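The structure under discussion appears below in the form of structure tokens.
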Amino acid sequence: MGQIIIHVDMDAFFASVESRDNPALRGKPLIIGSLPTERGVVSTCSYEARKFGVHSAMNIKDAYRLCPDGIYMHPNFAKYKEASDRLHEIWGSYASASETVALDEAYLDVTETAGSFDRAREMAREIKRRTAAELGLTCSVGLAYSKSAAKTASEEKKPDGYFEIPTPQDFMNLVIDRDVRVLFTVGKRTADKLYSAGIYTVSNLLDREEEVIGLLGRQGTVLLQLARGIDDRKVVPYRPEDAKSLSRELTFQRDVHDYRLLEDVLLLMSISVVERARRYGLHGNGVVLKITYSNMKSITRSKASVRCDDALSIHRAAADLLSAVKKQGVRLIGVGIYNLSGGRVRQTTLDEDFGSGSSGRESALETALAELSRRYGIDFAGDRAYAHRIEDLHGVAEEMRLRRIFG
Ligand SMILES: [Mg+2]
């Protein structure tokens, strides 16, 4: 028998927790993140705010332009982490393996615990019912034969949705006329490559197999499989608090000898690391730098007891470590945090980071990003999609590499 997988995703999680606890916020465009008077970004927003075009990772000033009458609030991570812990406990009780993707999102392997698709459907309903009854919050649930199909299913009827995709054929029928971005792994960079070759939909992709492989190489092969609904990835039991470290790595298409560029790329990677840590409600207590040189030799350097709940501090430590390594061509660079613990201890600093001008740290980060934008002629301060998707981060780093060479 194949796999039976459930993907659960809370609806506008941070905003929903806030309006659950304060009825005056219900039905209003609610934006959690920075305040419009501060510098920073949108963390999450309610569906009412999304109608105005506001979305997460958007610069708060842009959000304010679109939605001046919205209610703007700082996040309250301690509260979200507490709700999240209870949610994952409930969801995990149905699965033989559960994989935490974020505070508000998980994959559940119910192949054995359900035993049949019919019973899995009952479980999915029960998960929705208990999430609502025990936490007063709604979620969207997808039931499918694979991870990517389950994720597609949970997005299908959001909010408070339920949808199932029983077979690869059902998946194909569902997505065949949609934009290629519907496929897992297709971010902006890959999409742009495909668009420029006139490949817009999944159907275009399947009609032009050879071209896709020529264009994307091995990623193209994987993409064609995903388009046919083939995805054998397992649910990997994962609780972020058990992880030893949390990191981002990227490999350049050509080896880099320009250490200024490496230092600049590290800043974007540090933002991405912090963003991921926040998704899990975690922070670290040390920074690690990894480098693989042109000759495939890898080194790691670390710095313990560094403040690492904001991007600039992580970047400063990583840049220090970088300045001390042997200067040779670099193929891969990685930055991470280790000695992870729950967000509670430094909750206030996490909150500050999202805006409060008094701490000035988000402000300092914006200044650093503005400087980077000037140096490369790329807008880093607006939409910070690169902080969320490794693929977008990779695309931006490549663009920076090319601009350093060709100006
Ligand atoms: Mg969600």
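These numbers come from a predicted model, not from an experiment.
- Looking only at side-chain heavy atoms (C-beta outward), V265 and L250 come within less than 4.5 Å of each other.
- A salt bridge links K151 to E155: one of the charged nitrogens lies within less than 4.0 Å of a carboxylate oxygen.
- Although no hydrogens or angles enter the test, the distance criterion places a donor-acceptor pair under 3.5 Å between the side chain of Y386 and the main chain of F380.
- Between the side chains of Q219 and T190, at least one donor N or O sits under 3.5 Å from an acceptor N or O.
- Residues L87 and D104 fail the side-chain proximity criterion, which asks for heavy atoms closer than 4.5 Å.
- The main-chain N or O of L103 is found under 3.5 Å from a side-chain atom of H88 such that the two form a donor-acceptor pair.
- When all heavy atoms are compared, the tightest approach of T113 to S96 is CG2-N, 3.8 Å.
- A donor-acceptor contact under 3.5 angstrom links the side chains of S154 and H7, judged on distance only.
- In this structure, the separation between CG on L282 and CG on L340 is 5.5 Å, given to the nearest 0.5 Å.
- Judged by distance alone, the side chains of H74 and E38 do bring a donor and an acceptor atom under 3.5 Å apart.
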Taking it one step at a time, do L322 and L266 satisfy side-chain contact (heavy atoms from CB on, under 4.5 Å)?
CA-CA 10 Å; L322 180 71; L266 277 176; 4.1 Å; yes
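- The structure places CG of N204 at 10.0 Å from CD of E211, a figure rounded to the nearest 0.5 Å.
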Set out, in order, the CA-CA distance, both residues' side-chain angles and the distance that settles salt bridge (charged side-chain N to carboxylate O under 4.0 Å, His left out) for E48 and K51, then state yes or no.
CA-CA 5 Å; E48 290 80 3; K51 285 181 196 145; 5.3 Å; no
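- Between S34 and Y72, the closest heavy-atom pair is O-CD2, 4.0 Å.
- Side-chain atoms of E164 and Y162 include a donor-acceptor pair closer than 3.5 Å.
- A side-chain donor-acceptor contact under 3.5 Å links S373 to the backbone of I378.
- To the nearest 0.5 angstrom, L365 atom CG is 10.5 Å from H315 atom NE2.
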If you apply the rule side-chain contact (heavy atoms from CB on, under 4.5 Å), what do you find for E99 with R239, and how did you get there?
CA-CA 7 Å; E99 181 177 337; R239 291 196 329 142; over 6 Å; no
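- Rounding to the nearest 0.5 Å places OG of S16 at 10.5 Å from CZ of R26.
- Put simply, the side chain of L321 reaches to within 4.5 Å of the side chain of K303, judged on heavy atoms.
- The number of heavy-atom neighbours closer than 6.0 Å to CD of E89, taken from other residues, nucleotides and ligands shown, is 12 or below.
- For the residue pair N173 / Q169, a side-chain donor-acceptor distance below 3.5 Å is found, with atom types taken as modelled.
- Scanning all heavy atoms of the two residues, the minimum distance from V287 to A318 falls at CG1-N, 4.1 Å.
- A distance of 13.0 Å separates CD of E399 from NE2 of H394, quoted to the nearest 0.5 Å.
- For R254, the CZ atom counts as loosely surrounded, since its 6.0 Å shell holds 12 or fewer non-hydrogen atoms of other residues, nucleotides or ligands.
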Going through the distances and angles, do E263 and R404 end up as a salt bridge (charged side-chain N to carboxylate O under 4.0 Å, His left out)?
CA-CA 13 Å; E263 192 183 321; R404 283 289 281 182; over 6 Å; no
List the steps and the verdict of side-chain contact (heavy atoms from CB on, under 4.5 Å) for F252 and E398.
CA-CA 7 Å; F252 291 101; E398 273 307 314; 4.0 Å; yes
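- E371 and Y376 are not linked by any side-chain donor-acceptor pair at a separation below 3.5 angstrom, with hydrogens and angles left out of the test.
- Checked for salt-bridge contact, K234 and D109 miss the test: no charged N lies under 4.0 Å from a carboxylate O.
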I'd like to know whether D118 forms a side chain to side chain donor-acceptor pair (under 3.5 Å) with S116, so could you lay out the CA-CA distance, the side-chain angles of the two residues, the decisive distance to 0.1 Å, and finally the verdict.
CA-CA 5 Å; D118 285 341; S116 72; 5.3 Å; no
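- Between T201 and D177, the side chains place no donor N or O within less than 3.5 Å of an acceptor N or O (distance only, hydrogens not considered).
- For the residue pair S294 and R331, no side-chain donor N or O sits within less than 3.5 Å of a side-chain acceptor on the partner.
- The backbone N or O of A124 lies less than 3.5 Å from no partner atom in the side chain of K128, so there is not a single donor-acceptor pair.
- Counting heavy atoms from C-beta outward, F14 and K79 have side chains that stay 4.5 Å or more apart.
- Considering all non-hydrogen atoms of both residues, V236 and K147 come closest at N-NZ, 4.5 Å.
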I'd like to know whether R233 forms a salt bridge (charged side-chain N to carboxylate O under 4.0 Å, His left out) with D231, so could you lay out the CA-CA distance, the side-chain angles of the two residues, the decisive distance to 0.1 Å, and finally the verdict.
CA-CA 6 Å; R233 289 173 307 135; D231 171 18; 2.9 Å; yes
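- No hydrogens or angles considered: nothing links the side chains of S140 and D9 as a donor-acceptor pair under 3.5 Å.
- By the neighbour-count criterion of 12 heavy atoms within 6.0 Å, atom CG of N295 is densely surrounded, having more than that number from other residues, nucleotides or ligands.
- Using a cutoff of 4.0 Å between basic side-chain nitrogens and carboxylate oxygens, K81 and D85 are scored as salt-bridged.
- The side-chain heavy atoms of L312 and L267, taken from C-beta on, include a pair separated by under 4.5 Å.
- Note that CD1 of I271 and CD1 of I314 are 10.0 Å apart. Values are rounded to the nearest 0.5 Å.
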Could you walk me through whether D11 and T138 pass the side chain to side chain donor-acceptor pair (under 3.5 Å) test, one step at a time?
CA-CA 6 Å; D11 305 318; T138 65; 2.7 Å; yes
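- Taking all atoms of both residues into account, the shortest heavy-atom contact from S313 to V306 is O-CG1, 4.4 Å.
- Of all the heavy atoms in A227 and V202, the pair that sits closest is CB-CG1, 3.8 Å.
- The number of heavy atoms from other shown groups lying within 6.0 Å of NZ (K61) is above 12.
- Between Y145 and F171, the distance from one ring center to the other does not fall under 6.0 angstrom.
- Inter-residue side-chain proximity for L332 and E249 is flagged as met; some heavy-atom pair is nearer than 4.5 Å.
- Side-chain atoms of Y293 and V325, non-hydrogen and from C-beta on, do get closer than 4.5 Å to each other.
- The main-chain N or O of V256 is never found under 3.5 Å from a side-chain atom of R401 such that the two would form a donor-acceptor pair.
- Taking the six-membered ring where the residue is Trp, Y195 and Y200 present parallel rings, their angle staying beneath 30° rather than reaching 60°.
- Counting heavy atoms from C-beta outward, T131 and M10 have side chains that approach closer than 4.5 Å.
- With hydrogens and angles ignored, the 3.5 Å screen pairs a side-chain donor or acceptor of S46 with a backbone N or O of L30.
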Worked verdict on E18 versus N76 for side-chain contact (heavy atoms from CB on, under 4.5 Å):
CA-CA 9 Å; E18 297 299 344; N76 182 350; 3.7 Å; yes
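- Without hydrogens or angle criteria, R276 side chain to R248 main chain gives no donor-acceptor distance under 3.5 Å.
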Between R125 and E122, is a salt bridge (charged side-chain N to carboxylate O under 4.0 Å, His left out) present by the stated rule, with each step listed?
CA-CA 5 Å; R125 300 278 182 203; E122 283 167 33; over 6 Å; no
